[in-house]
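All values below were derived from every heavy atom in this structure, side-chain atoms included, with hydrogens, water molecules and symmetry-related copies excluded. Each chain gets a letter, A, B and so on, in the order the sequences are listed, and its residues count up from 1.
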Amino acid sequence: MNFWLLKSEPDEFSIDDLRRSSPEPWTGVRNYLARNYLRAMKVGDQAFFYHSSCAEPGIVGIVSIQQEATADLSAYDPQSPYFDANSTREKPRWFAPQVAFSSKCRSILSLRELKSHSELARFTLLQKGNRLSVMPVSTEHWQFIFNLL
DNA sequence: GCCAACGTTGGC
DNA sequence: GCCAACGTTGGC
């Protein structure tokens with residue numbers, strides 16, 4: 001089993017949204033490295049759900065992969081902000097796994113607190129310049145963070 | 001709103 | 001293939 005971190009802007013799609021409607025396809029990722037991570041996800045993998053671009057960014061819950069990635073249908077919708085004319089049904093460019101709600105943290109584990117732990121100095125999320133919305137999490141980092149929740 | 005950092009685009 | 005210009009991300 002592998003571990004991941006998935007970012008979402010809570011104004012767009014929050015942990016509460018996922019709890020209300022689960023599973024959901026993880027759509028809208030339009031970065032090739034992030035896409036490759038999405039395609040590498042296996043059923044049963046777990047991920048931290050991270051709220052970004054909000055008053056208090058941080059980890060707010062845990063989700064699991066319910067189904068491996070298939071074509072991201074939002075790329076076909078001209079009305080969608082994620083529309084991409086270069087992704088076709090014959091040759092999809094973007095993919096979305098089905099993500100299921102697992103649990104919500106009693107309180108947010110804020111980015112500020114994550115940064116305060118020297119054990120997480122090399123955590124991908126905290127690396128300078130990293131902007132990926134999907135990233136792998138090592139077993140060691142997962143365990144350490146899990147114990148902070 | 002600012003800005004650092006990175007990705008993408010497109011001319012050459 | 002290079003690289004300048006532009007767009008996006010995301011914390012602050």
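Taken residue by residue, residues 122-137 of chain A places heavy atoms nearer than 4.0 Å to DNA chain C at A:R131, A:L132. Taking a 4.0 Å limit (strictly below) on heavy-atom distances, residues 76-95 of chain A does not reach DNA chain B anywhere. Residues of residues 49-56 of chain A that place a heavy atom closer than 4.0 Å to DNA chain C, in numerical order, are A:Y50, A:S52, A:S53.
A donor-acceptor pair shorter than 3.5 Å can be found between the side chains of A:S14 and A:D17. Side-chain contact annotation: A:S52 with A:R131, donor-acceptor N/O pair under 3.5 Å absent.
In summary, contact between chain A and DNA chain C, defined as any nucleotide atom under 4.0 Å from a heavy atom of the protein, begins and ends at C:dG7 to C:dC12 in the 5' to 3' direction.
Residues satisfying the side-chain hydrogen bond (donor to acceptor under 3.5 Å, both in side chains) test with A:R35, not counting sequence neighbours, are none.
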Please lay out, stage by stage, how A:R30 and A:S74 fare under the test side-chain hydrogen bond (donor to acceptor under 3.5 Å, both in side chains).
CA-CA 11 Å; A:R30 295 294 179 268; A:S74 69; 3.0 Å; yes
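Results of the ring-ring contact (aromatic ring centres under 6.0 Å, His included) test with A:W26 over A:W94, A:F49, A:Y82 single out A:F49 as the only residue that passes. Test A:S53, A:S133, A:P57 against A:K7 for side chain to side chain contact (heavy atoms under 4.5 Å, CB included) and you get one pass: A:S133.
One finds the CZ atom of A:R20 at 11.0 Å from the CZ atom of A:F101 (value rounded to the nearest 0.5 Å).
Using a distance-only test at 3.5 Å, with no hydrogens or angles considered, no donor-acceptor pair links the side chain of A:D45 to the main chain of A:I65. With hydrogens and angles ignored, the 3.5 Å screen pairs no side-chain donor or acceptor of A:N2 with any backbone N or O of A:M41. In terms of modelled atom types and a separation under 3.5 Å, the side chain of A:Y76 and the main chain of A:T88 share a donor-acceptor contact.
The minimum heavy-atom distance linking A:W4 with A:A40 is given by the pair CH2-CB, 4.0 Å.
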Under 3.5 Å, which donor-acceptor pairs do the side chains of residues 141-149 of chain A form with other protein atoms, sequence neighbours left out?
residue, atom, partner, partner atom, Å
A:H141, ND1, A:S138, OG, 3.3
A:N147, ND2, A:Q143, O, 3.2

